[in-house]
Amino acid sequence: MTVSSDPWWRSAVVYQVYPRSFADGSGDGVGDLAGLRERLPYLAALGVDAIWINPWYVSPQADGGYDVADYRAIDPDFGTLAEAETLITEAHGLGVKIILDIVPNHTSDQHPWFRAALAAAPGSAERGRYVFRPGRGRGGAEPPTNWRSSFSGSAWTRVTEPDGTPGEWYLHLFTPEQPDLNWQDPGVVQEFEEILRFWFDRGVDGFRIDVAHGLVKDQQFPDLPADLEPTTAPPYEHRHPAWDQDGVHEIYRRWRRLCDSYAEPRILISEAWVFDPERLARYTRADELHQTFNFNFLMAPWEAAAMRKIIDDTLRAFAAVGAPATWVLSNHDMIRHLTRYGRPPGQELAQVGTVPVDLELGTRRARAAALLLLALPGGAYVYQGDELGLWEIEDIPNERLRDPIWQRSGHQRRGRDGCRVPLPWSGSEPPFGFSSGDPWLPQPQSWRSLTAEAQTGDPASMLTLYREALRLRRDHPALGDGTLTWLPAPPDVLAFSRDPGFTCILNQSSDPIDLPSHTDLLLSSSPLPNATTLPPDHAAWLRTS
Ligand code: GLC
């Protein structure tokens, strides 16, 4: 097959590295590039095709690096540009591609552009790069619209003008330290194309686009429709004047042309919180992005009918635009799936620390979910620690919490630190080989049995399950890109076949079921009691010819 008819990304398994929490080579308790470089062989042995690295750029870290002050330099916490270049070369040497994270919706308030905007006058070209508007009401004392920040509070902050008077307001859909850029400004458009090129020229294979559905705002700046106003969380979709506006697609068409101009075309994946499958699939039309995250699947309850509907809707919508689906269970923003699946039904997505969790049940289901994830048609994303069976840490002491959501919500929402706790690599005590210093977030003693070292070679471990599943996926012609056919199955059971000769079955009912006819058991999420039975919360991969 030619490269263009079978590009690598259509079937790829991408491993997400949250660099602050992956591995610390310098001993300051913060993960870094030195640590990541040391662990590249681990990732190659795991069998992933690529890694996606969360933002590693110079940043005051008001939001875990999603507040970028210099897009062309590495944050000193993480290392240097020279180290980044070496890392790219080393990863390629091991057959692992590198995907970076681009943050085009907003910069840091410490970015030279924003500092210049604050120093300049209303109406200036410097302010034109951001979204500055006069306030409403007497003396402009009210925000320009009623939009809310995703992290609580108004999405607008008022500035003091250089002459000391209260002045305009600027938009920040996230923290005030993350001012939104104005994508109507040609200079902004040009700058990001140059940033993409800067990294592509250093061998980077692609980008994950942060808040990809947010770049273009309705230029009328209307208030939210009345029924959306109280909502601070998705689903907002395109009814919100800042989300999923049609204008974003023009940006991605330009970026796609840039990607395709390289001899080895680069790829783009969007983080777009868009829940209507047809609207989401628009991001992956043939002349736009390659992939987009499927958050409907990530947020689905442990329930066969709900999952099957999402799988069907996804496959239909993406097939219509000729794009592969992607599947993901966890990331650095969401409660780890092992914990979600161990919570009482209906409470899977409740705030951290508010509902009980059965970790044994969650682990059993997470094992089964891994086999579902890796058997579905298309690409898959694995968040660091999924392969170790890590759960959400819900009891981080308040004074150690770092996520801006904790402060911004007036200590109502604990935020996302619980899925960002540094990985346990080895040994029997924190910091478990993550660092020689004190990790930036505390690790629980209970992770002692989950270190990569403890799990390596243990046939019953989550790590062995992932390694085995990834090996089979790589070798089996039915897996990766393609289609599936649902098989008749009892209620609460997902069973589908893929050609040639492969069946995946997941039992989400509370009773054991009979395995469908097969020639071999390729892999089961846990050992089966006998050759014909699949217990509840188990999954199996079968050879059928
Ligand atoms: C994305 C990131 C998240 C960040 C936000 C603002 O949702 O995944 O971590 O806080 O964008 O950049």
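Note that ligands are numbered from 1 as they come in the structure, with each ligand's atoms numbered from 1 the same way. Side chains included, hydrogens not; waters and symmetry mates left out as well; all remaining heavy atoms used.
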- Query: Do R414 and Q351 have side-chain N/O donor and acceptor atoms under 3.5 Å apart?
  - Reply: no

- Task: Check each heavy atom of F151 against ligand 1 and say whether those closer than 4.0 Å belong to the side chain, the backbone, both or neither.
- Result: side chain

- Judging by distance only, is a nitrogen or oxygen of W273 under 3.5 angstrom from one on ligand 1? no

- Message: Given D63, which partner from the list R402, R408, Q178 fulfils the side-chain hydrogen bond (donor to acceptor under 3.5 Å, both in side chains) test?
- Response: Q178

- Contact atoms of ligand 1, heavy-atom distance to R420 under 4.0 Å: 9 (O)

- Message: When you compare the side chains of T314 and N294, does any donor N or O come within less than 3.5 Å of an acceptor on the partner?
- Response: yes

- Message: With heavy-atom distances below 4.0 Å as the criterion, list the atoms of ligand 1 near Q178.
- Response: 6 (C), 12 (O)

- Paired with Y130, the ring pair (Phe, Tyr, Trp, His ring centres under 6.0 Å) test is passed by just one of F114, Y170, W156, namely F114

- Query: Does a salt bridge link E168 with R158, judged by any charged N lying under 4.0 Å from a carboxylate O?
  - Reply: no

- Give the numbers and elements of all ligand 1 atoms closer than 4.0 Å to a heavy atom of D63. 4 (C), 5 (C), 6 (C), 10 (O), 12 (O)

- Taking atom 7 (O) of ligand 1 as the reference point, the nearest protein heavy atom with its distance: E271 OE2, 2.7 Å

- Ionic contact status for R266 with D205, cut-off 4.0 Å: no

- Could you tell me which atoms of ligand 1, counted from 1 in the order shown, lie closer than 4.0 angstrom to a heavy atom of H106? 6 (C), 12 (O)

- Task: Apply the test salt bridge (Lys or Arg N to Asp or Glu O under 4.0 Å) to residues D101 and R208: give CA-CA distance (whole Å), side-chain angles for both, the deciding distance (0.1 Å), then the verdict.
- Result: CA-CA 5 Å; D101 205 321; R208 174 256 192 197; 3.0 Å; yes

- Item | Atoms in ligand 1 flagged as close to R416, the criterion being non-hydrogen separation under 4.0 Å | 3 (C), 4 (C), 9 (O), 10 (O)

- Query: Looking only at heavy atoms of M334, does any of them come nearer than 4.0 Å to an atom of ligand 1?
  - Reply: no

- Message: Hydrogens and angles aside, do Y283 and Q291 bring a side-chain donor and acceptor to less than 3.5 Å of each other?
- Response: no

- among protein heavy atoms, the one nearest atom 2 (C) of ligand 1 is D210 OD1, 3.1 Å

- Message: With a 4.0 Å cut-off on heavy atoms, is H172 in contact with ligand 1?
- Response: no

- What is the closest protein heavy atom to atom 8 (O) of ligand 1, and at what distance does it sit? D333 OD2, 2.4 Å

